[in-house]
Every structure is written in C-alpha cells, then in structure tokens.
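Structure, as structure tokens:
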Protein chains: 2
Amino acid sequence: MTEELYKNQAKSVIARALAVLGAFDVEHPLLTLSQLARRAGLPVATVYRLAGELEDGRFLDRDGAGRYGLGVRLWEMGLLTPVHGGLRETAMPFLLNLHYECGETVQLAVCEGTDAIYIEKLTSEVSVPVKSRVGAHIPLHATGVGKALLAFSSDAFIDAILTMPLKAYTPSTLTERRALSRQLNQIAQRGYAQSDAEYQLGATSIAAPVVVRGTVKAAIGIVNYSARDDLAQYVPALLRATNGLALRLEEVEGTAYPSLSGLE
Amino acid sequence: MTEELYKNQAKSVIARALAVLGAFDVEHPLLTLSQLARRAGLPVATVYRLAGELEDGRFLDRDGAGRYGLGVRLWEMGLLTPVHGGLRETAMPFLLNLHYECGETVQLAVCEGTDAIYIEKLTSEVSVPVKSRVGAHIPLHATGVGKALLAFSSDAFIDAILTMPLKAYTPSTLTERRALSRQLNQIAQRGYAQSDAEYQLGATSIAAPVVVRGTVKAAIGIVNYSARDDLAQYVPALLRATNGLALRLEEVEGTAYPSLSGLE
DNA sequence: AGTATTCTTTTCATTGAATGAAAAGAATAC
DNA sequence: GTATTCTTTTCATTCAATGAAAAGAATACT
C-alpha cells in the first residue's frame with residue numbers, strides 16, 4: 001500500500017497543463033493524444049480534457065489528422081516577451097545591416113541562467129550552414145557570443161560560471177579556469193571575443209557585447225568556416241552594430257515597456 | 001440570492017490561467033499583480049497563486065520591481081509552432097535574399113481565420129518605416145499580401161470572405177464585392193497582387209503567393225512609399241523568392257514535422 | 001513624522017471543480 | 001474477421017482550487 005503512493009506526484013492543474021505543453025519539442029512538434037499523454041506522464045482522459053481546454057484557448061491546435069501541435073496564440077504571446085518585443089525587434093535592423101555588410105551568418109544572443117540562448121540568426125542562401133538554432137541554449141564558455149556575454153558580466157557571475165564544470169565540446173574548448181579567466185580579461189579590454197572551433201569543429205566566430213548603462217544586454221556574433229580566417233576585417237562593422245544597438249536600446253528604454261502603463 | 005450568482009462565471013482553472021496570460025498585450029507587456037488581476041478579471045489572491053505557478057513553469061517572469069512579464073519559456077515554445085518552425089525558419093533565407101536584392105521592406109504573411117497575419121518583416125535602417133508589426137492581424141481584402149493569399153484560396157473561402165463586410169481603411173480600399181472579385185481573378189492570372197494606399201495611406205506594395213501542391217501556404221510582399229512607383233521592377237525577384245520557397249517547403253514537408261515521430 | 005491609500009503576501013474553512021478508472025466508440029493493423 | 005491501439009464520454013469520489021479577510025509592505029499625500 002505504501003509503494004503505490006508514489007504514482008501521483010501531487011501536481012496542480014496548472015503544472016499538469018504546462019506539462020502537456022512541455023511535451024512538445026523540436027523533435028516532436030506534432031503529437032497524437034496518446035503520445036501526448038505518455039510524454040506528459042499523465043492519464044489519457046486527463047490529457048484529453050486539459051488539451052481540450054488549451055485548444056479552446058488556442059494554445060494548442062489540431063491538424064487534419066487530429067494530431068496536436070502548439071497553437072498560434074502561443075507564438076503570438078512569445079512576441080510580447082521582453083527578449084522578443086524589447087530586444088529582437090530593436091536589434092533586427094542592425095543585424096540586417098551587419099549581415100548585408102559582411103554576408104556571413106549573424107547571431108544575436110542573450111544570457112539565460114547559466115547559458116546563452118540564440119534570439120536570432122540570419123543566414124542567407126549563400127552563407128555557411130551553422131547548426132545553431134534560434135532558441136537553442138549554448139554554453140557561455142565555448143562560443144564567441146557566450147564569451148562576449150561573460151566577459152562583460154559582473155565578477156560575481158563570472159566567478160559562478162568559472163566554478164561550474166567547463167564541458168569540453170571540442171579539443172579547442174577552453175576548460176581550464178585560469179586560461180578562460182585570462183582570456184575574458186583580454187576580451188573585456190579589446191572589446192570583442194574570438195572563438196575558433198571551441199564549440200563546433202570548423203566554425204570560427206567573432207562577437208561583441210551590447211552594453212547599456214554598464215550592463216550587458218546581449219551579444220552579436222559573426223560566424224563562418226575556420227578555413228577563411230578573414231573575420232577580423234569585420235570587427236569595425238560588428239562594433240558599429242553593437243554600439244548602434246546599445247544606443248538605440250538606451251533611447252527606447254521604457255518605451256516598449258512603459259514603466260507605468262497607466263490606469264487599467 | 002439569485003442575483004449574486006452571476007459573479008462567478010464558472011471558469012476552469014486553465015481558462016483562468018490563460019486569462020492571466022492573456023492580460024498582457026503590446027501596450028501592456030509588464031504588469032503589477034493588481035493590474036494583472038484587474039485585467040484578467042479575477043480576485044487578487046487567485047491571480048497571486050496562479051501567477052506563482054506560471055512563474056514556476058517559466059511562463060511568467062518577474063522583473064526587479066516585482067512586475068510580471070511573459071516568460072522566456074513562452075517565447076521558446078512559440079518557436080515550436082508550425083508557423084514559426086515550419087514556415088518562418090524555411091522562409092528566412094529567401095526573405096533575406098529578396099530584401100538584399102531590393103532594399104525595401106519585405107513581409108511574410110499567412111492566413112489565420114478570416115485575417116492575414118504577419119509572420120516576419122524585414123526592415124533595415126535605410127528602408128521605409130511601415131507600421132505593420134509581426135504578429136499583427138490585417139485584412140485579407142485591403143493589403144498586397146492579403147489579396148495574394150485570397151486570390152489563390154479555394155472558391156469557397158473567397159466567397160466566405162466576400163460575403164463579410166469589407167471595411168474601408170482608406171478611400172482606395174476595395175469595398176465592393178464585384179470589383180474585388182474581378183481583381184482577385186486578375187491576380188490569380190497574373191501571379192501577383194498590387195496594392196496602393198488601400199490599407200495605409202502612402203504605402204504601396206506588391207505581393208505573391210507561396211503555393212505548395214495547389215495550396216497557398218503564405219504570401220511574400222514588398223512595401224515602399226507610394227511616391228516611388230518602381231516596385232514593378234522587383235516582380236521577378238519576388239516570384240523567384242516565392243517559387244524558391246514553395247519548392248523548398250515541398251522538399252522539407254514532413255521533415256520538420258515527422259508524420260510519425262516514432263515510439264515514446 | 002503621521003495618516004491614508006494602494007499593493008503584495010499569507011491564511012484557512014468551504015465547496016465545487018478536477019480527477020482517472022472504466023467502458024463505449026473509432027480507426028487501424030494483422 | 002479478430003486484435004490492437006487510439007479517441008471520446010461518463011460518473012462517483014475526493015482533493016485541490018477558491019477567494020474573503022487580515023496582516024504585512026510599500027508608496028503617496030498633508
């Protein structure tokens with residue numbers, strides 16, 4: 001009698017509903033009811049009901065075959081998120097210009113917890129395929145944008161990251177605290193970061209932080225194949241983009257997210 | 001005793017939770033607890049609890065001042081939505097190339113119910129400011145992309161739209177069924193749509209549909225000021241983009257959304 | 001400083017909404 | 001034609017959601 005108790009882990013309705021939504025991922029963007037139930041770890045009947053309500057709220061959609069997928073509403077709300085509405089939207093023109101100027105893949109990333117996360121990536125048909133995906137979490141210590149973000153963070157945060165195990169993604173990944181720490185200082189002085197095959201073999205990048213009022217808000221990076229080591233030529237363009245964005249962010253601060261959104 | 005009953009409109013927990021999330025919009029991306037409660041139409045204590053759980057699930061975030069905003073999780077999930085993961089991601093390189101070729105504002109839109117909705121908009125610092133916002137709903141009968149979407153839809157759908165009241169946004173908006181119907185035929189024959197100041201004064205556009213296996217999946221548009229009436233020159237580039245995207249979508253069909261996502 | 005107002009957090013007795021096993025109904029595979 | 005897997009509906013039980021109320025903070029007003 002004591003053993004069966006562990007079955008129900010006393011979740012609230014909302015936790016269950018979020019578990020249902022969380023059942024979707026890049027590999028599973030469309031699920032049947034039973035798949036959904038299995039992946040959410042909930043009884044079919046329960047998921048049936050919850051999914052029905054989420055569908056009413058347009059957080060879920062069903063395709064012709066009856067399979068569930070995340071709904072447009074969810075996408076629309078994502079646009080209201082600070083990272084999107086506040087940052088990406090403002091950054092876009094700068095990213096486009098940069099992309100236009102150098103023709104290489106351009107990335108925008110922010111800190112999210114102990115990782116960096118890609119907010120936007122511009123790749124044209126001509127530029128090099130990079131495996132990074134918008135929304136993907138990437139390590140702070142092993143990528144150009146990651147190191148740019150880290151180098152301009154608070155000492156406390158840097159220390160915290162340095163204390164964590166630094167995973168080696170390639171033979172070139174910096175896994176030693178001392179070495180990484182030294183390089184972060186260099187980056188802070190020079191104003192931009194470099195990375196060569198530290199995360200993905202064959203890819204080089206340069207990246208610079210977007211600093212608003214002393215705080216790193218984001219980083220912009222340029223990536224291409226290691227073979228072509230001419231990225232340095234784009235440093236001025238890169239810095240023009242990051243500085244331009246920083247100024248713009250300072251300007252619109254509060255506008256997009258009115259500090260006091262008035263009555264009602 | 002009978003009169004007080006109407007107070008609680010018998011909503012489910014989920015409906016309430018979604019109401020909380022729905023309280024945010026473009027004008028109100030950040031809200032205090034009491035604002036949130038007021039806008040959601042729920043008691044403060046209830047919202048306090050619901051918001052807490054949503055925060056646990058990272059669907060809500062609180063800023064330094066304690067104000068609530070939509071969380072990163074929500075944005076991440078939006079990326080998994082078919083319109084984003086399936087369409088925008090694939091379309092992006094084509095949009096970038098088009099934007100690169102013509103230098104004007106480029107838009108991607110799809111049908112959503114009886115409206116069109118902007119999925120992406122590319123504007124560089126140099127190009128003209130257009131008020132359209134990604135995620136915004138726009139009428140099918142009064143914009144370039146809208147008409148492009150409509151002209152290639154099923155007759156049943158066209159009829160349904162033509163039966164609805166056609167709102168006039170400017171003096172140039174087509175509000176007469178006959179005229180609109182005739183123009184849709186023209187568009188279907190010619191392969192692309194035009195629009196001049198029909199939705200927003202001073203803005204002209206051309207737009208073409210993305211047709212995969214006989215079905216319109218999206219439309220791409222180019223917008224600039226009415227003064228410059230040289231948009232026609234970009235028609236070949238536009239069609240190259242829409243056709244290229246159509247082919248690509250046909251190729252990846254099923255890949256991004258595996259019909260049978262295997263076991264588990 | 002002192003009072004008033006508005007906002008956030010916690011508590012708790014009450015109840016009604018969420019639950020999920022079970023069975024019926026579809027669809028698909030064998 | 002039978003078996004298997006999936007979807008939908010039902011319903012008695014119970015447990016989790018509820019929101020009024022009060023305490024605790026913070027902010028505005030005089």
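Just so we're clear, the structure is a prediction, and the values are computed from it rather than from any experiment. Note: hydrogens, waters and symmetry copies are ignored here, and every other heavy atom, side chains too, is used. Per chain, numbering begins at 1; letters A, B, ... match sequence-line order.
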Has the side chain of B:R88 got a donor or acceptor atom that lies under 3.5 Å from a matching backbone atom of B:E120? no

Looking at A:R67, does any N or O in its side chain come under 4.0 Å of the phosphate oxygens OP1/OP2 on D:dT7? no

Closest nucleotide among D:dA16, C:dT8, D:dC6 to the A:S34 side chain: D:dC6

Atom pair distance, as rounded to whole Å: CG in B:L36 and C1' in C:dT9: 15 Å

Using a 3.5 Å distance criterion without hydrogens, assess whether the side chain of A:S154 forms a donor-acceptor pair with backbone atoms of A:F157. yes

Side chain of B:R16 (C-beta onward), nearest among D:dT18, D:dA16, D:dT8: D:dT18

Rounded to the nearest 0.5 Å, what separation is found between the CG atom of B:L54 and the CG atom of B:L18? 8.5 Å

5′-ward residue of the pair A:T32/B:P43 relative to DNA chain D: A:T32

Between A:H141 (side chain) and A:K167 (backbone), is there a donor-acceptor pair under 3.5 Å? yes

d(A:D115 CG, A:I161 CD1) to nearest 0.5 Å is 8.0 Å

Under 3.5 Å, side chain of A:R67 to main-chain N/O of A:L30, donor-acceptor pair present? no

Nearest-Å distance, CG (A:L31) to P (D:dT7)? 11 Å

I want to verify a distance call: between D:dT8, D:dC6, C:dA18, whose nearest atom is closest to the B:S12 side chain? C:dA18

Check side chain to side chain donor-acceptor pair (under 3.5 Å) between B:E53 and all other residues, then give those that pass, not counting sequence neighbours. A:S12

In whole angstrom, give the distance that lies between atom CD of B:Q35 and atom C1' of C:dT6. 12 Å

Find the distance between CD (B:E76) and CG (A:D25) and round it off to the nearest 0.5 Å. 12.0 Å

Spacing between A:L42 atom CG and C:dG20 atom P, to the nearest angstrom: 7 Å

Nucleic acid contacts - residues 45-57 of chain B versus DNA chain D, non-hydrogen atoms under 4.0 Å: B:A45, B:T46, B:R49, B:L50

Could you give me the CA-CA distance, side-chain angles and deciding distance for B:I138 and B:I117, then say whether side chain to side chain contact (heavy atoms under 4.5 Å, CB included) is met? CA-CA 6 Å; B:I138 46 165; B:I117 182 172; over 6 Å; no

Is DNA chain C part of any stem, that is, at least 3 consecutive Watson-Crick or G-U pairs with both distances under 3.5 Å, and where? C:1-30 with D:1-30

Round to the nearest Å and state the distance from A:L33 atom CG to D:dT5 atom P. 16 Å

